[in-house]
Amino acid sequence: MKVCVFLADGFEEIEGLTVVDVLRRAGVEVTMMSVTGSLSIRGSHDICVQADCLFDAKKAGEADMLVLPGGMPGTLTLKAHEGLNTLLKTFDSEKRNIAAICAAPSILGGLGMLRGKKACSYPSFEDKLDGAEVQQVPVVTDGHITTGRGMGAAIPFALRLTSILCGEEKAEEVRKSIVFQV
């Protein structure tokens with residue numbers, strides 16, 4: 001399994017890095033891909049992270065899942081990236097796995113991907129989930145799209161992605177290994 005997590009300056013560190021960490025513990029090949037033109041990314045809480053590579057549509061197109069962390073202004077930078085938007089539309093039309101947490105589900109809403117689907121996001125972004133049936137729960141999976149509510153849902157979100165990619169048994173194994181109580 002291969003996953004691309006897209007990073008931009010101002011991303012929410014917990015949301016992005018928890019996904020990377022949990023999925024790597026499950027044996028998933030995760031690539032942190034910068035959309036800024038620099039490998040050095042500064043998170044929304046001034047934590048610097050080194051991305052694995054710059055945006056590469058071909059490499060990302062080979063992934064089994066695309067993941068968008070929230071945070072500001074990172075979400076706005078992801079939303080403005082034409083190459084990423086094209087990739088998201090392709091994954092959506094092919095019903096391939098897409099995940100977004102916190103403010104980032106608003107990107108999917110803006111692209112029309114949430115119409116008729118259950119979804120969640122950070123409360124102040126719920127009005128940007130165009131056409132979605134908004135849920136106030138930590139994580140929602142509807143078809144090929146998984147959304148998460150915010151930083152407090154980062155572990156349940158990452159474990160859901162693990163379950164989707166590796167099965168429930170592997171997700172439970174990782175949950176126990178990190179001593180996460182549900």
Side-chain angles (χ1 to χ4, degrees), residues 1 3-8 10-23 26 28 30 43-45 63-80 84-85 87-172 174-176 178 180-182:
M1 293 279 111
V3 171
C4 281
V5 176
F6 296 94
L7 302 180
F11 82 102
E12 172 53 61
E13 297 95 338
I14 298 293
E15 294 163 3
L17 297 179
T18 298
V19 168
V20 174
D21 182 283
V22 169
L23 289 177
V28 176
V30 181
S44 61
H45 297 93
D64 297 293
M65 179 181 283
L66 306 179
V67 181
L68 309 175
M72 284 297 174
T75 295
L76 299 176
T77 303
L78 295 177
K79 181 179 178 179
L84 178 57
N85 284 321
L87 191 61
L88 288 167
K89 290 175 190 175
T90 298
F91 267 60
D92 187 51
S93 70
E94 295 174 357
K95 305 292 187 228
R96 295 171 66 194
N97 292 314
I98 300 170
I101 186 168
C102 194
S106 67
I107 298 168
L108 306 182
L111 294 172
M113 295 178 189
L114 300 179
R115 288 189 191 112
K117 292 191 174 295
K118 293 178 182 175
C120 64
S121 72
Y122 192 75
S124 63
F125 283 82
E126 291 175 346
D127 64 332
K128 297 184 178 23
L129 305 182
D130 187 38
E133 184 182 324
V134 177
Q135 310 286 297
Q136 279 87 34
V137 296
V139 183
V140 176
T141 300
D142 192 338
H144 63 287
I145 296 178
T146 299
T147 51
R149 190 136 166 135
M151 186 188 87
I155 292 176
F157 179 75
L159 289 170
R160 175 73 58 86
L161 303 185
T162 303
S163 177
I164 290 166
L165 294 166
C166 304
E168 191 58 44
E169 188 174 308
K170 179 56 93 172
E172 180 62 13
V174 173
R175 184 195 68 74
K176 286 180 180 177
I178 63 172
F180 181 72
Q181 304 297 319
V182 275

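Every heavy atom of this structure was used, including side-chain atoms; hydrogens, water molecules and symmetry mates were not.
- For the pair A119 and V140, the tightest heavy-atom approach, listed with the atom from each and the gap, is N-CG1, 4.0 Å.
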Where do L84 and L88 land on the side chain to side chain contact (heavy atoms under 4.5 Å, CB included) test, with the steps shown first?
CA-CA 6 Å; L84 178 57; L88 288 167; 4.1 Å; yes
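- The minimum heavy-atom distance between P105 and L114, with the atom names listed, is O-CD1, 3.6 Å.
- Among all heavy-atom pairs drawn from G150 and I101, the shortest one is O-CD1, 3.5 Å.
- Salt-bridge annotation for D64 and R96: absent, with no side-chain N of the basic residue lying under 4.0 Å from a carboxylate O of the acidic one.
- Considering NE2 of H45 and CD1 of I14, their distance stands at 9.0 Å, rounded to 0.5 Å.
- Proximity of P69 to L7: side-chain heavy atoms (C-beta onward) are separated by under 4.5 Å at one or more points.
- Heavy-atom minimum distance, C166 versus V28: SG-CG2, 3.5 Å.
- Applying the salt bridge (charged side-chain N to carboxylate O under 4.0 Å, His left out) test to residues at least two apart or on different chains, the pairs with a partner in residues 140-150 are E126-R149.
- Listed here is the closest heavy atom pair of C120 and P138: SG-O, 3.8 Å.
- The shortest side-chain heavy-atom distance between F91 and L87 falls under the 4.5 Å cut-off.
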How far apart are the C-alpha atoms of V20 and V3, what are their side-chain angles, what is the distance that settles it, and do they pass the side chain to side chain contact (heavy atoms under 4.5 Å, CB included) test?
CA-CA 9 Å; V20 174; V3 171; over 6 Å; no
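- In this structure a side-chain-to-backbone donor-acceptor pair under 3.5 Å is missing from T18 to E15.
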Would L108 and L68 count as a side chain to side chain contact (heavy atoms under 4.5 Å, CB included) if you check the C-alpha gap in whole Å, the side-chain angles of each, and the deciding distance to 0.1 Å?
CA-CA 10 Å; L108 306 182; L68 309 175; 4.1 Å; yes
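- N97 meets the side chain to side chain donor-acceptor pair (under 3.5 Å) test with no other residue; sequence neighbours excluded.
- No donor-acceptor pair closer than 3.5 Å links the side chain of E168 to the backbone N or O of S163.
- Within the 3.5 Å criterion, the main-chain N or O of L111 finds no donor-acceptor partner in the side chain of D130.
- Interatomic distance, NZ of K128 versus CD1 of I107, reported as 12.5 Å (0.5 Å rounding).
- Taking CZ of R115 as the reference point, atom CD of E133 lies at 16.0 Å (rounded to 0.5 Å).
- In the displayed structure, K117 atom NZ is contacted under 6.0 Å by more than 12 heavy atoms of other residues, nucleotides or ligands.
- Q136 contributes no side-chain N or O that, together with a main-chain N or O of V134, makes up a donor-acceptor pair within less than 3.5 Å.
- The backbone N or O of L23 lies less than 3.5 Å from no partner atom in the side chain of T162, so there is not a single donor-acceptor pair.
- Taking the side chain as every heavy atom from C-beta outward, D92 and I145 approach each other to under 4.5 Å.
- Scanning both residues, S44 and M72, for their nearest heavy atoms gives CB-O, 3.7 Å.
- Contact check for F180 versus P156: side-chain heavy atoms found under the 4.5 Å cut-off.
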